[in-house]
Amino acid sequence: MPFDRCVAPRTGATQRSWPYHIDTHMSALLLDGRAFAQEMRVELQAEVRSFREQRGLPPQLTVIQVAGDASSDRYVRSIRKLCDTLGVAFRLEHLPADSTQETLNATVAGCSADPAIHGILLQMPLPAHLQADQAVWHLDYRKDVDGIHPANAGLLAQGRLALVPNTPAGGMALLQRYNIDVVGKRAAVVGRSAIVGRPMALLLVQSHATVTICHSRTPDLGAILRECDLVAVAAGRPALVTGDMLRPGAAVLDFGINVQPDGSIVGDVDFASAVEAAGALTPVPGGAGPVTNVMLIRNLLSAASENALTS
Ligand code: NDP
């Protein structure tokens, strides 16, 4: 059954702060990532406080950043601010833009070996002369709060406890938040990247959905999506998915972040047509995006709990 009767949010908070209901022509339930992220921040603040009480020190996140990318600077500032708000200790290892692969690898290895550091984020993109795939082998997978280490990808593929990439983890959390049950449902994921599409598909399989993974060589995308109760899109292509490609009442997670020439941001789903066809939909901005950062802190707390991945 499609998600046309999605249960409303558990608490009144999301409902009250939701501006999207103003337009009565809209039919889809809009999944409000901003309100959900705020709820999670409150929960995480309490968890960080109790961690500090038990251990005598806060969880510590270290970001390793190689200079040279302005959008990375903005992202790292937002992570620092989030850590400050939640009481998480934040440290930045800022390397010069001309750092060698050996320096990067040694920095990652040093942070991995430092018992005071609970979680490590290797900030992307790296300058063209540096290989993330090489550096990641120097990362302790138990501190891999971005879920990029092959060991975590393997654990996830095997259906075992893993540190999962933040964006798909946030997508699953949003579905759960809105009581959108995926058990036995047909789902499609558009995109097969290691950081969004692939782990999203694996998480859906783990939650007992029947999943089709689509990509740039998939013919007749609409024919596949129209069979699905849930569609998750992470392609980086504005308006790739339109309302006529959706099964009426389907739940749609739009992970796309596409900056338009006028500076505005749109997703991969054509909002105007999809909102009429879908039963539930994440708007862009304000849907999946805001949940991503808070999932990073959720992963940090998992990484900081002893034996989290070895039990
Ligand atoms: P990638 O470029 O790594 O992957 C894109 C995927 O989409 C590829 O698998 C590609 O297929 C597929 N694809 C491209 N064009 C089409 C098409 N016409 N039809 C079907 N599939 C297609 O991107 P990411 O996964 O890193 O990111 C995807 C989107 O999600 C971007 O907009 C990005 O900005 C956003 N994003 C959002 C985050 C968030 O916090 N919400 C975090 C990370 C990313 P193929 O493999 O065949 O090339």
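Quick caveat: nothing in here was measured; it's all calculated off a predicted structure. Read the numbers this way: they start at 1 and go in the same order the structure lists the ligands and their atoms.
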Discussion item. Give me each pair satisfying ring-ring contact (aromatic ring centres under 6.0 Å, His included) with a member in residues 192-217, each pair once, sequence neighbours excluded.
Written reply: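 Found none.
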Practice prompt. Would you please write out the protein residues whose heavy atoms approach any atom of ligand 1 to under 4.0 angstrom, listed by chain and number?
Written response: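 Contacts of ligand 1 under 4.0 Å: Thr167, Val190, Gly191, Arg192, Ser193, Ile195, Val196, His215, Ser216, Ala234, Ala235, Gly236, Arg237, Leu240, Phe255, Gly256, Ile257, Asn258, Gly289, Thr292.
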Item to complete: Could you walk me through whether His129 and Gln101 pass the side chain to side chain contact (heavy atoms under 4.5 Å, CB included) test, one step at a time?
Response: CA-CA 8 Å; His129 69 283; Gln101 185 76 46; over 6 Å; no
Practice prompt. Please say which of Leu281, Leu253, Val291 ends up in a side-chain contact (heavy atoms from CB on, under 4.5 Å) with Leu31.
Written response: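 With Leu31 as partner, Leu281, Leu253, Val291 yield a single side-chain contact (heavy atoms from CB on, under 4.5 Å), made by Leu253.
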Under 3.5 Å donor-acceptor, [X] side chain and [Y] backbone:
X	Y	answer
Asp268	Ala235	yes
Thr167	Ile195	no
Ser27	Glu276	yes

